[in-house]
Amino acid sequence: MKSLGSIRRAFAPWNDPNAKPYIQFENVTKKFGDFTAVNNLSLTIFEREFFALLGASGCGKSTLLRMLAGFEEPTAGRIMLDGQDLRGIPPYRRPVNMMFQSYALFPHMSVEKNIAFGLKQEGMPSADIQKRVAEMLRLVKLEQFAKRKPHQLSGGQRQRVALARSVAKRPKVLLLDEPLGALDKKLREETQFELMDLQQELGLTFVVVTHDQEEAMTMADRIAIMDKGEVMQVATPAEIYEAPTSRFVAHFVGNVNMFEGKVADRTAGTARITGASGAQIVVDNGDAKPGSDIVFAIRPEKIKVSSKKPAEGVNALEGEVYDIAYLGDMTVYHVKLDDGQIVRASALNAARISEDPLTWNDRAWVSFRPDAGVVLTR
Amino acid sequence: MNATWSRFNITSVVLGFAFLYLPIVLLVIFSFNESKLVTVWGGFSTKWYVSLFQNQGLMDAAWVTIRVGLISATVATVLGTMAALTLTRYTRFRGRLLFSGMVFAPLVMPEVITGLSLLLLFVAVGLDRGFLTVTLAHITFTMCFVAVVVQSRLVSFDRSLEEAAMDLGAPPVKTFFQITLPVIMPAIVSGWMLAFTLSLDDLVIASFTSGPGATTLPMKIYSQVRLGVTPEINAACTILIAVVAIGVVIASIANKRREVQRLRDEQAAQRG
Ligand SMILES: Nc1ncnc2c1ncn2[C@@H]1O[C@H](COP(=O)(O)OP(=O)(O)O)[C@@H](O)[C@H]1O
Ligand SMILES: [Mg+2]
């Protein structure tokens, strides 16, 4: 596998064996009564990283964040920040700040008082507080709104006040719980880039919780995919998408086709898989044992649909066009193979008129290269 | 829906309001009666108001009532707020159900029983009946009303506000005084007003627990009425009504203003 991480910027301390971890969850478990919200979870986050926790609602993301902020103590395991064990340190003494899902703006204070609150607590001289507040207001473009109360602001403005308040103290780590969850789609996309710029500008470590995969893919250096209190995979967005290590992750992020079968035989670096119906495909895999059950996962855009049988050297399966969705920039085909499996394939509409037009119920071939997908055993 | 007023509707509204307000209107009118006879109109006069302010007994009683009201409402507000905080925050301590039941029982307890049991208590501990005992009694019975008002506000209180304050470096005590208390203050103020009003017009409990030198206004009025209603009493009641009415009107205007202001603010926010 080529280094997919290099597609993004060169920042990649997780590949450097000498890099010092900044935040470490070590076998952390959190139980609420009998219910296990976080289960024996270990995770390492590096300084200045933009780290995303991605998972379905209720999988324990907020709980993880709240343990870092100090609102919950782990039932077992420990959390380290910059070499310091956080156990027993109350929230008001931790060098982290949190932006709350509900924003939690103080309703009886103006915007500037909200932003100044944390600075006052640390006893900063009032001249410095004023300067910092002005700077924060400029940063989030709310200069004219300094004197307003939270209920006099729109949702987007409240979100920015909450952000300004949580970064005003220059915490070592900023925790963001669904920071864009309450915004509408257009505003959310703009704000994603603003958050990224802000993180770069301030040089802070961001840990952001989200259930929106696009949001996580756009913003994060690395993503941890969570399920039922456990981390399924931690990797860069590109790796998560192109090299998922489990069926759960492959399904959770983007669309995917799964071919299940038994390894029939192997030759240098490739394995031949026989499906339940007898159809055979060849995939790249060095260590699949003959006779074992495996799954080949492949993304729709890596599958080609054509009316003629493609040349040798690729996998080709025959079927019939079952459904077509024209989306403008691309077209999605659903092809029902002769063994009944439906394959999803998408084609970029690079030309205005297709050379090989296909329509409903046409006979068609789907084809893909042996290295276009990944072999999963989990 | 029929928007026009039928004869039936008009009749019922008139009857309803007459039933509610006719006695009060009569009382107010006769307080300006020239004649000493309560039910015979003898021309307009404000002389009963003058003689009211010269009636030392009534004025003393009014002063006692106000002091009892201020002290008991304030103490009851502190205790009631603390009870409400405990009941909403520490939901897991042993005997919570019993405790909350006990805090709210006086709401439905007949006043006669509350009064009598307090009297027995004061006698048992050898406390002389007077200003102190009536104040203590009023604290006891108004505290639960404050607790109910404050608790209903606390139930909808967003705990993440407190977490945010702590996250920004405020220890729990500071968080309470800078965030929690200001946010629930309107509820505390209404609790105080409720307690003050309840104390002001209480007759039953005060009769049981008060003693010489601490006669409250309702007690005084009641005892005078037994000797016969005088226009002076009508005048005293009219003033009481006026005070309560003004309080209610001011409170509702302030409320309305806040609402309107809030609506305007929110519209302004949507625009820019
Ligand atoms: N204080 C709590 N008491 C009991 N259960 C809780 C508490 N906080 C969270 N949970 C449970 O833990 C699970 C994970 O919650 P959370 O971390 O908020 O999920 P997420 O943020 O991923 O949606 C949920 O099932 C939730 O009901
Ligand atoms: Mg959550």
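Just so we're on the same page: letters track the sequence lines, and every chain starts at 1. Computed from heavy atoms alone, side chains included, the values below leave out hydrogens, waters and symmetry copies.
Contacts of A/M109 with chain B are made by side-chain atoms alone, with heavy-atom separations under 4.5 Å and no backbone atom involved. Contacts of B/D167 with chain A are made by both backbone and side-chain atoms, with heavy-atom separations under 4.5 Å. Using a 4.5 Å cut-off between heavy atoms, A/R165 contacts chain B through both its backbone and its side chain.
Other residues, nucleotides and ligands contribute at most 12 non-hydrogen atoms within 6.0 Å of the CZ atom of A/R93. Within a 6.0 Å radius of NZ in A/K113, no more than 12 heavy atoms belonging to other residues, nucleotides or ligands are found. Within a 6.0 Å sphere centred on CE of B/M59, heavy atoms belonging to other residues, nucleotides or ligands number more than 12. Within 6.0 Å of atom NE2 in A/H211, 12 or fewer heavy atoms from other residues, nucleotides or ligands are found, so the atom counts as exposed in its surroundings. With a 6.0 Å radius and a threshold of 12 heavy atoms from other residues, nucleotides or ligands, B/Y21 has its OH atom at or below the threshold.
For the options A/N97, A/L119, A/L175, A/V96, heavy-atom pairs under 4.5 Å to chain B are most numerous at A/N97. By number of non-hydrogen pairs under 4.5 angstrom with chain A, the leading residue of B/M166, B/E162, B/E163 is B/E163. Of the listed residues (B/V183, B/T175, B/L161), the one with the most heavy-atom contacts under 4.5 Å to chain A is B/L161.
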Q: Begin from the C-alpha positions of A/E122 and B/L168 and carry the test side-chain contact (heavy atoms from CB on, under 4.5 Å) through to its verdict.
A: CA-CA 9 Å; A/E122 63 182 30; B/L168 291 166; over 6 Å; no
**Q.** Trace of the side-chain contact (heavy atoms from CB on, under 4.5 Å) decision for B/Q178 with A/F106
**A.** CA-CA 10 Å; B/Q178 295 188 9; A/F106 306 134; over 6 Å; no
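Contact check for A/Y92 versus B/P172: side-chain heavy atoms found under the 4.5 Å cut-off.
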